[in-house]
Amino acid sequence: MHESLRLDNQLCFALYAASRAMTQVYQPLLEPLGLTYPQYLVLLVLWEEDALLVKEIGARLDLDSGTLTPLLKRMEAQSLVVRKRQENDQRQVRIHLSPSGRALEGKAIEVPHALACRYGNVPSAYVEATRLRDALIGLRKHLRNGATEPPR
């Protein structure tokens with residue numbers, strides 16, 4: 001087997017496995033709030049800026065409307081958000097936090113702290129996590145901005 005084809009040498013697999021592990025770490029932190037990880041991400045966006053269009057939330061989370069719409073419908077059924085069609089364009093839907101969705105922000109404030117405790121809550125771990133986050137943001141931007149053509 002060629003060394004470049006070994007699973008453990010694949011950046012894509014390391015990212016995939018780390019993402020799954022991160023989601024698993026979040027699950028018990030979000031369960032008392034009654035949230036799934038994707039719902040938490042939507043709320044993070046809306047706590048920063050309420051009353052966004054579905055396409056704006058999708059752009060922030062890198063999700064298409066086919067994935068996001070059912071998620072938002074479930075969140076509306078849980079009374080976390082309110083979906084309102086635009087009067088000037090019925091195809092566009094604006095998402096508003098409900099009072100209970102807004103109130104959940106106060107409870108969710110503990111989630112980042114609890115996560116920090118999981119990876120050591122020491123300055124070096126925080127610095128390393130920040131470096132890793134910044135590197136992943138840079139990688140995502142690089143991949144989105146043109147690294148789409150296969151090598152020749």
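These numbers were taken from a predicted model, which means no experiment stands behind them.
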Compare all side-chain heavy atoms of Asp64 with those of Thr67 and state whether any distance is below 4.5 angstrom. yes
In Å, rounded to the nearest 0.5 Å, how long is the span from OG of Ser98 to CG of Asp50? 9.5 Å
What's the separation between atom CD in Glu110 and atom CG in Leu115, rounded to the nearest 0.5 Å? 12.5 Å
Assess whether a salt bridge exists between Glu49 and Arg60, defined as any Lys/Arg side-chain N lying under 4.0 Å from an Asp/Glu carboxylate O. no
Minimum heavy-atom separation for Ser79 to Ser100, with atom names? O-OG, 2.5 Å
Quick check on Leu5: does its CG atom have over 12 non-hydrogen neighbours (other residues, nucleotides or ligands) under 6.0 Å away? yes
Quick one: are Thr130 and Arg133 in side-chain contact, heavy atoms under 4.5 Å? yes
Measure the spacing between OG1 of Thr69 and CZ of Arg74 and express it to the nearest 0.5 Å. 10.5 Å
Between Gln27 and Met22 (side chain of the first, backbone of the second, donor and acceptor by atom type, cut-off under 3.5 Å), is there such a pair? no
Side chain Arg94, main chain Ala51, donor-acceptor under 3.5 Å: yes
Can you get from Phe13 to Leu136 by hopping between Ile, Leu, Val, Met, Phe, Trp and Tyr side chains that sit under 4.5 Å apart? no
Roughly how far apart are Leu68 CG and Ile95 CD1, rounded to 0.5 Å? 7.5 Å
Does the plane of the ring in Trp47 sit parallel, tilted or perpendicular to the ring in Tyr40? Use 30° and 60° as the thresholds. perpendicular
Looking only at heavy atoms, the pair that brings Pro32 and Pro28 closest together is CD-O, 3.1 Å
Answer with yes or no whether the hydrophobic clustering places Val54 together with Leu41; edges join I, L, V, M, F, W, Y residues whose side-chain heavy atoms lie under 4.5 Å apart. yes
Note: Lys73-Glu76 ion pair, threshold 4.0 Å (strictly below): no
Report whether Val93 and Val42 are members of the same hydrophobic cluster (ILVMFWY, side-chain heavy atoms less than 4.5 Å apart, transitive linking). yes
With hydrophobic residues grouped by side-chain heavy-atom distances under 4.5 Å, do Tyr16 and Tyr26 end up in a single group? no
Does the side chain of Leu71 reach to within under 4.5 Å of the side chain of Gln39, using non-hydrogen atoms? yes
Nearest heavy-atom pair of Pro70 and Ser65: which atoms, and what distance? CD-O, 4.1 Å
Carboxylate-amine/guanidinium contact Glu105 Arg102, below 4.0 Å: yes
Answer yes or no: is there a side-chain heavy-atom contact under 4.5 Å between Leu139 and Leu11? yes
Main-chain N/O of Leu15 paired with Ser19 side-chain donor or acceptor, under 3.5 Å: no
Roughly how far, to the nearest 0.5 Å, is CG of Leu80 from CG of Leu46? 10.0 Å
Answer with yes or no whether the hydrophobic clustering places Leu61 together with Met75; edges join I, L, V, M, F, W, Y residues whose side-chain heavy atoms lie under 4.5 Å apart. yes
How many angstroms lie between atom CZ of Arg140 and atom CD1 of Ile137, to the nearest 0.5 angstrom? 6.5 Å
Check whether any side-chain heavy atom of Leu97 lies under 4.5 Å from a side-chain heavy atom of Leu43, and answer yes or no. yes
